[in-house]
Amino acid sequence: YKVLDLDKQIIAKLKSYCEKYKKCNVFEVCIGNGYPIAGALSSKGYLVEGIDISKFLVSRLNQKYPAVNAYVGDALEMEKLIKKKYDIVYCVHSLIFFKQSHLLISQMDNILKPGGIIMLDLYNSSNKKNLQTARVEYFYNKNIFGKLIKYVKNLIKVVLNRGTVEFDYVFKYFLQNPYKVFNQLESIGYYEIEINVLVDGRLAKIEIKNKDEIAKYQRILLCAKKH
């Protein structure tokens, strides 16, 4: 399927970060089948690894991108599987599946080198449209009609070779409070925190001056450097 404009922008941003390191190695949380981000980075010669809970998607990844090394496991227990450190650790399109996103961020921090970059794709809990989407997803998983719709959606994902299909463990979307994420990163030693928001399909770098201002943005791409 066609690469989304947002993914193209994320890939470009990750490449720009990779260029700052002599031999860049990156790690994707919830890597899925590797398309399009991990595959794009791997094709440029970067060492790409990742983790996903879906054996099915990791097997697809192994077939399509043999140079990418992916672990099958729970991202909240990465420290049990991953014993090395990376220059860049990122999670896009998937943070919304984690109820305890602060624990995931801590796990990502554990495998990031000092001076490395963390990238997080936040679904803003202050945004009304996001709240409505979360309610709809909760409906999908709580009654037979919703589950049927979910089954059809998963079948389409298999056919298109896109997305995570093993959704039995997902009962609702979990939105993130951007300010709690900002505070967590600062408390564990991150600086140069860059805030990018999605406006008309394009990422735009901004500075947040008050809490009311941030509510109008559905998606926030957060990048920060580790001390």
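Quick caveat: nothing in here was measured; it's all calculated off a predicted structure. Counting begins at 1 with the first residue of the sequence.
Not a single ring pair (Phe, Tyr, Trp, His ring centres under 6.0 Å) links Tyr71 to another residue, sequence neighbours left out. For Leu104, the side-chain contact (heavy atoms from CB on, under 4.5 Å) criterion is met by Val29, Ala75, Leu76, Met78, Cys91, Leu95, Phe98, Met108, not counting sequence neighbours. In this structure, Lys225 has no salt bridge (Lys or Arg N to Asp or Glu O under 4.0 Å) partners at least two apart in sequence or on a different chain. Remark: Lys8 pairs with Val3, Asp5 by the side-chain contact (heavy atoms from CB on, under 4.5 Å) rule, at least two apart or across chains. Residues that satisfy the salt bridge (Lys or Arg N to Asp or Glu O under 4.0 Å) test with Glu77, not counting sequence neighbours, are Lys80. For Glu28, the side-chain hydrogen bond (donor to acceptor under 3.5 Å, both in side chains) criterion is met by Tyr90, not counting sequence neighbours. Partners of Asp121 according to the side-chain contact (heavy atoms from CB on, under 4.5 Å) rule, which considers only residues two or more places apart in sequence or in another chain, are Val92, His93, Tyr123, Arg219, Leu221.
Applying the ring-ring contact (aromatic ring centres under 6.0 Å, His included) test to residues at least two apart or on different chains, the pairs with a partner in residues 190-209 are Tyr191-His227. Residue pairs meeting the side-chain hydrogen bond (donor to acceptor under 3.5 Å, both in side chains) criterion with at least one member in residues 98-108, sequence neighbours excluded, are Ser106-Gln184.
Counting side-chain heavy-atom gaps under 4.5 Å among Ile, Leu, Val, Met, Phe, Trp and Tyr, the cluster of Val58 also holds Val72.
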Contacts under 3.5 angstrom, residues 41-50 side chains, donor-acceptor by atom type, not counting sequence neighbours:
residue	atom	partner	partner atom	Å
Ser43	OG	Ala40	O	2.6
Glu49	OE1	Tyr86	OH	2.5
Glu49	OE2	Lys84	NZ	3.2

Scan the side chains in residues 20-27 for donor-acceptor partners under 3.5 Å anywhere in the protein, sequence neighbours excluded, and list what turns up.
residue	atom	partner	partner atom	Å
Tyr21	OH	Gly115	O	2.9
Asn25	OD1	Asp87	N	3.0
Asn25	ND2	Lys85	O	3.2

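For the residue pair Glu194 and Asn196, a side-chain donor N or O sits within less than 3.5 Å of a side-chain acceptor on the partner.
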